2 protein chains.
Amino acid sequence: MICVTILTVLGETTRDRQAERREATRREILQVAWELARENGLAQITLRDVAARVGMRAPSLYTHFPAKLAIYDAMFEQAWTEYEQYAVRVTATLPTAPRARLLALAYGFFDFAVADLARYQLMNQRTVPGFEPSPAAFAPSVRVVRAAVAMFAEAGVTDRGDIEIWFSLIGGLIDQQLANDPAGDSRRRLIERAMTMWADSVGLPPEPRDPP
Amino acid sequence: MICVTILTVLGETTRDRQAERREATRREILQVAWELARENGLAQITLRDVAARVGMRAPSLYTHFPAKLAIYDAMFEQAWTEYEQYAVRVTATLPTAPRARLLALAYGFFDFAVADLARYQLMNQRTVPGFEPSPAAFAPSVRVVRAAVAMFAEAGVTDRGDIEIWFSLIGGLIDQQLANDPAGDSRRRLIERAMTMWADSVGLPPEPRDPP
DNA sequence: GTCTATACTGTGATAGAC
DNA sequence: GTCTATCACAGTATAGAC
């Protein structure tokens with residue numbers, strides 16, 4: 001009886017160690033993939049390059065991921081999880097007045113997007129041929145949208161169309177910034193004007209504002 | 001002297017025929033490439049597939065295009081030229097009142113974009129890894145933007161930021177339509193609201209409107 | 001000039017030995 | 001788990017037939 005218990009404990013410990021080690025390898029692969037995406041472009045990631053930098057041969061990656069697109073899938077989930085945490089962190093320090101709050105949210109999303117082109121392409125564009133996020137990987141982005149909708153509701157905006165126009169506006173500005181002026185801030189300087197336009201249109205009451 | 005003239009004429013005729021034939025082959029290759037882009041996806045075009053449907057072997061395509069990306073380049077130019085002609089045609093029948101005119105322009109661009117996903121991806125997104133349009137292929141799109149800016153000026157809008165917000169708004173709605181509801185018209189139904197929002201913000205005078 | 005045959009390089013993926 | 005070997009399939013260069 002004691003022996004069995006010991007064996008079980010040993011077994012579990014071993015399994016834990018293995019799982020832990022496995023997790024670490026997985027994380028390392030993903031980190032290297034992000035590095036290569038930023039260096040060579042998101043779609044230019046190569047299994048041989050990833051493997052070489054991790055210290056393996058390309059086929060060995062298949063021990064940790066069933067396919068190349070599964071690596072993109074994990075990266076997609078990571079990116080949106082990262083944004084979710086970033087958004088939670090930012091929201092905590094946000095002003096409470098509706099206009100100022102939504103303006104700050106816009107700046108937050110804009111800056112997060114523009115800070116990492118490869119990440120933005122994976123999160124919001126279809127830059128990787130054949131890639132479509134799995135439901136599991138999609139979960140964090142759904143939570144983010146739900147949280148945003150809740151914020152709009154608090155600010156008094158519940159019309160789905162108004163919210164979609166808001167997202168279109170921010171998304172369009174980000175796209176243009178990244179496509180035409182990736183290193184500059186020409187579109188970022190339009191955010192306040194765009195947000196005022198939108199807030200006026202949905203009928204948010206004016207409020208005194210202090211610049212960001 | 002007569003002989004020389006005849007030979008010259010013959011030479012020119014031959015050259016014309018060859019050039020004509022060459023042009024026809026080029027057009028056929030491009031047309032097949034568009035077909036395959038719509039069937040399998042823009043980035044999934046394969047030289048072997050294109051060649052097979054044209055009735056050639058893959059390396060033979062290099063007689064007509066120096067590289068695969070050169071095919072995308074020619075397609076890019078075709079697509080923007082197509083839009084330019086479409087826009088000219090549409091503009092001729094456009095209302096003259098500024099708000100109605102810009103609204104019609106928005107619908108025109110939106111409908112053109114949504115009508116062909118592969119075309120839109122090539123024109124406005126970076127879906128093909130490594131592709132960047134050449135200056136020559138870029139020319140039609142520059143003309144289109146210039147014409148649009150002229151239309152804004154006629155309507156009384158000259159501020160560059162206002163115009164960029166207009167483009168962001170339309171572009172964002174198109175992106176969302178194609179990404180989240182490619183077969184529907186959920187975002188198209190927001191165009192009028194978005195345009196009113198924008199027109200109010202830039203101070204265009206109100207005018208009686210009739211629905212599209 | 002136009003096309004084919006062949007071949008080189010690099011890619012994602014699989015099988016089986018250790 | 002990781003390796004070697006190999007596959008099928010990309011894009012592309014070249015040589016040569018017509």
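Letters go in sequence order (proteins before strands), and every chain restarts at 1. Remember, it's a predicted structure, so these values are computed and weren't measured experimentally.
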**Study point:** Separation of atom CZ in A:Arg21 from atom P in D:dG1, rounded to whole Å
**Key:** 10 Å
Check your understanding: Of the nucleotides C:dT4, D:dG1, D:dC3, which has the atom closest to the A:Arg22 side chain?
Key -> D:dG1
Check your understanding: Does the A:Asp185 side chain pair with the main chain of A:Arg188, one donor and one acceptor, at a distance under 3.5 Å?
Key -> no
Practice item. Validate the cation-pi geometry between A:Arg119 and A:Phe112: distance from NZ or CZ to the six-membered ring centre under 6.0 Å, angle to the ring axis within 45°. Key: yes
Review point. Is it true that a side-chain atom of A:Ser60 and a backbone atom of A:Met56 form a donor plus acceptor pair closer than 3.5 Å?
Key: no
**Study point:** Sugar-phosphate only, base, or nothing, as touched by B:Ile71 at under 4.0 Å among non-hydrogen atoms
**Key:** nothing
Review point. Any chance CD of A:Gln44 has more than 12 other-residue heavy atoms, nucleotides or ligands included, within less than 6.0 Å?
Key: yes
Review point. Checking all strands, does A:Leu61 fall into the base, sugar-phosphate, or nothing category for heavy-atom contacts under 4.0 angstrom?
Key: nothing
Check your understanding: How many Å lie between CG on B:Leu69 and P on D:dT12, as a whole number?
Key -> 7 Å
Practice item. Write down the distance between CZ (B:Phe131) and P (D:dG11), rounded to a whole number of angstrom. Key: 16 Å
Review point. Between D:dC3, C:dA5, D:dT12, which one does the side chain of B:Leu47 approach most closely?
Key: D:dT12
Exercise for review: Measure from CZ on A:Arg57 to C1' on D:dA5 and round the result to the nearest Å.
Suggested key: 12 Å
Practice item. Consider the side chain of B:Tyr62, meaning its heavy atoms from C-beta on, and name the nucleotide among D:dT12, C:dG12, C:dA5 that approaches it most closely. Key: D:dT12
Exercise for review: Pick base, sugar-phosphate or nothing for A:Ala67, based on heavy-atom distances below 4.0 Å to the nucleic acid.
Suggested key: sugar-phosphate
Practice item. Taking only the side-chain nitrogens and oxygens of B:Thr63, find out if one of them lies under 4.0 Å from OP1 or OP2 of C:dG1. Key: no
Check your understanding: For the residue pair B:Trp198 and B:Phe152, is the inter-centroid distance of their aromatic rings smaller than 6.0 Å?
Key -> yes
Study note, to complete from the structure: Rounded to whole Å, the CE-C1' distance (A:Met56 to C:dG12) equals 15 Å
Practice item. Whole angstrom is fine here: how far is it from NZ in A:Lys68 over to C1' in D:dC9? Key: 14 Å
**Study point:** Residue B:Arg48, side-chain heavy atoms: nucleotide from D:dT12, D:dG1, C:dT2 that is nearest
**Key:** D:dT12
Check your understanding: Looking at B:His64, does any N or O in its side chain come under 4.0 Å of the phosphate oxygens OP1/OP2 on C:dC3?
Key -> yes
**Study point:** Euclidean distance, atom CZ of residue B:Phe65 to atom P of C:dT2 [Å, nearest integer]
**Key:** 13 Å
Review point. A:Thr46 or A:Pro66: which one's nearest nucleotide on DNA chain C is closer to the 5' end?
Key: A:Thr46
**Study point:** Whole-Å distance separating the CD atom of A:Gln44 from the C1' atom of D:dG11
**Key:** 14 Å
